[in-house]
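Order of listing sets the numbers, starting from 1, for every ligand and every atom in it.
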Amino acid sequence: MTDLIKMSAAELASKIKSKEVSAVEVAQAHLDRIEAVDARVHAFLHVDRAGALAAAERVDKGEVTGPLAGVPVAVKDVIATKGVPTTAASKILEGWRPPYNATIVERLQAAGTVMLGKTNMDEFAMGSSTEYSAYGPTNNPWDLGRIPGGSGGGSAAAIAAYEAPLAIGTDTGGSIRQPGAVTGTVGAKPTYGGTSRYGLIAFSSSLDTPGPCARNVEDAALLHAVIAGHDVRDSTSIPQPVPDVVGAARLGASGDLSGVKLGLVKEFAGDGSEPGVSAAFRESLEALVKLGAEVVEVSCPHFQYALPAYYLIAPSECSSNLARFDGVRYGLRVGDDGNRSLEEVMSLTRDAGFGPEVKRRIILGTYALSSGYYDAYYGQAQKVRTLITRDFEKAFEQVDVLVSPTTPFVAFPFGSRTSDPYQMYLADLFTIPTNLYGGPAISVPCGLSEGLPVGFQIMAPTMADDRMYRVAAALESAVGTLTPPAL
Ligand code: GLN
């Protein structure tokens with residue numbers, strides 16, 4: 001049944017609907033594939049075999065319908081799944097089984113999808129390589145000695161390795177798009193507030209955005225449409241209709257971009273991208289011009305401050321959000337022998353439960369928020385955020401979307417960027433400005449550099465998610481999708 005694992009989500013949905021294949025067969029084929037390759041890829045932290053087969057059976061019995069009925073999906077382990085272990089790849093949440101589902105999980109169920117399990121990630125979604133997972137890294141299916149990106153490397157690798165046709169990620173600074181880029185898959189960050197954060201373990205609440213991962217643009221749009229939309233349980237959720245992302249992807253696939261203006265950010269040129277990345281990006285840009293698009297150079301002078309602003313804002317919010325992991329309410333509890341004070345138990349628990357990168361972020365954030373430094377660090381970063389938003393707004397007066405490589409470098413070997421945090425942070429150079437602004441952005445495979453995938457990023461104005469899907473599908477129609485080497 002190798003065919004089933006190679007099919008798109010759209011194909012699977014239609015074959016299951018017409019009863020050409022059963023949902024149970026489809027689930028079984030993916031569970032077998034996980035069994036066969038995941039010891040080498042390590043995309044999953046938990047496989048819910050029984051839950052998946054039971055959900056598939058309900059579809060086959062006609063008890064559950066919906067646009068993606070019977071289509072398997074993998075979910076990043078930072079999202080609460082009722083009764084199914086949810087750790088955020090941290091020791092501090094080891095063994096935690098949430099008593100409720102995240103809104104997007106409810107929506108996945110309502111759409112009839114079959115959840116296969118929970119995917120690996122950097123601890124609490126902090127990182128760009130999955131090397132900060134407390135449970136060991138995920139290996140890139142293109143080259144098992146290289147990183148699959150992060151933080152959502154497990155979701156991207158699961159798709160690239162044909163362990164699932166669809167996956168859910170979360171993007172705070174690039175954690176859907178950068179893994180998409182380095183695994184040759186599609187990853188989209190919806191408009192902030194376009195997808196609900198209810199039930200998502202918070203890292204940086206003003207940035208966190210759940211979104212779809214898939215092997216092609218139409219599948220990403222189908223998944224996006226299912227999870228997006230207003231949720232009263234998330235106060236920053238946008239009470240507006242979801243843009244027609246599926247229609248836009250189908251329109252783009254016709255390959256006509258006449259009249260569409262693509263903005264090339266002047267300040268991103270000479271940015272230190274690897275030559276092979278720049279070459280693949282340029283060639284793809286030319287392909288878009290052949291489809292009728294026009295390229296306009298735009299200036300976004302404050303983008304150069306995005307990385308430092310992000311690494312003040314995100315850690316600040318993280319230091320506040322992660323205060324809840326105190327050894328009292330969830331998961332790990334260390335040193336409670338009856339002789340220690342509550343403070344000592346909390347301190348021992350947090351010391352044992354958090355990994356080094358999470359501790360670095362908490363310390364950085366606590367410092368940036370401390371009295372006397374607040375204005376100089378956190379306050380200043382918020383001002384920069386406003387200036388970056390204005391850069392985007394000005395740019396979108398001149399062009400329809402902005403384009404760039406997704407990340408400056410292809411998948412790097414394990415261990416090559418862990419000794420210097422700044423080198424790791426550079427992976428997000430091109431993805432972070434969008435998070436600070438709040439608009440949608442997508443990474444689409446656009447070719448290879450030294451045999452490894454390169455991602456093309458398309459950024460659109462807030463709530464114009466459809467626009468980015470149109471351009472993304474057009475690009476895909478011109479350059480095709482990528483197939484990883486056989487595992
Ligand atoms: N790599 C970035 C970080 O470490 C982005 C993480 C994310 O998007 N979750 O913060």
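Classification of the F354-F124 ring pair by plane angle, with boundaries at 30° and 60°, yields perpendicular. Between Y374 and Y378, the ring planes are tilted. Angles from 30° to 60° get that label.
Using a 4.5 Å cut-off on side-chain heavy atoms (C-beta onward), F456 and L288 make contact. Side-chain atoms of F430 and V265, non-hydrogen and from C-beta on, never get closer than 4.5 Å to each other.
At a 4.0 Å heavy-atom cut-off, the residues surrounding ligand 1 are A125, M126, G127, S128, S151, D171, T172, G173, G174, S175, F203, Y310, Y311, R361, D428, listed by chain and number.
Considering I159, L68, V226, L222 as possible partners of L166, the one that fulfils the side chain to side chain contact (heavy atoms under 4.5 Å, CB included) test is L68.
In the model, S206 has a side-chain atom that pairs as donor or acceptor with a side-chain atom of E317 under 3.5 Å.
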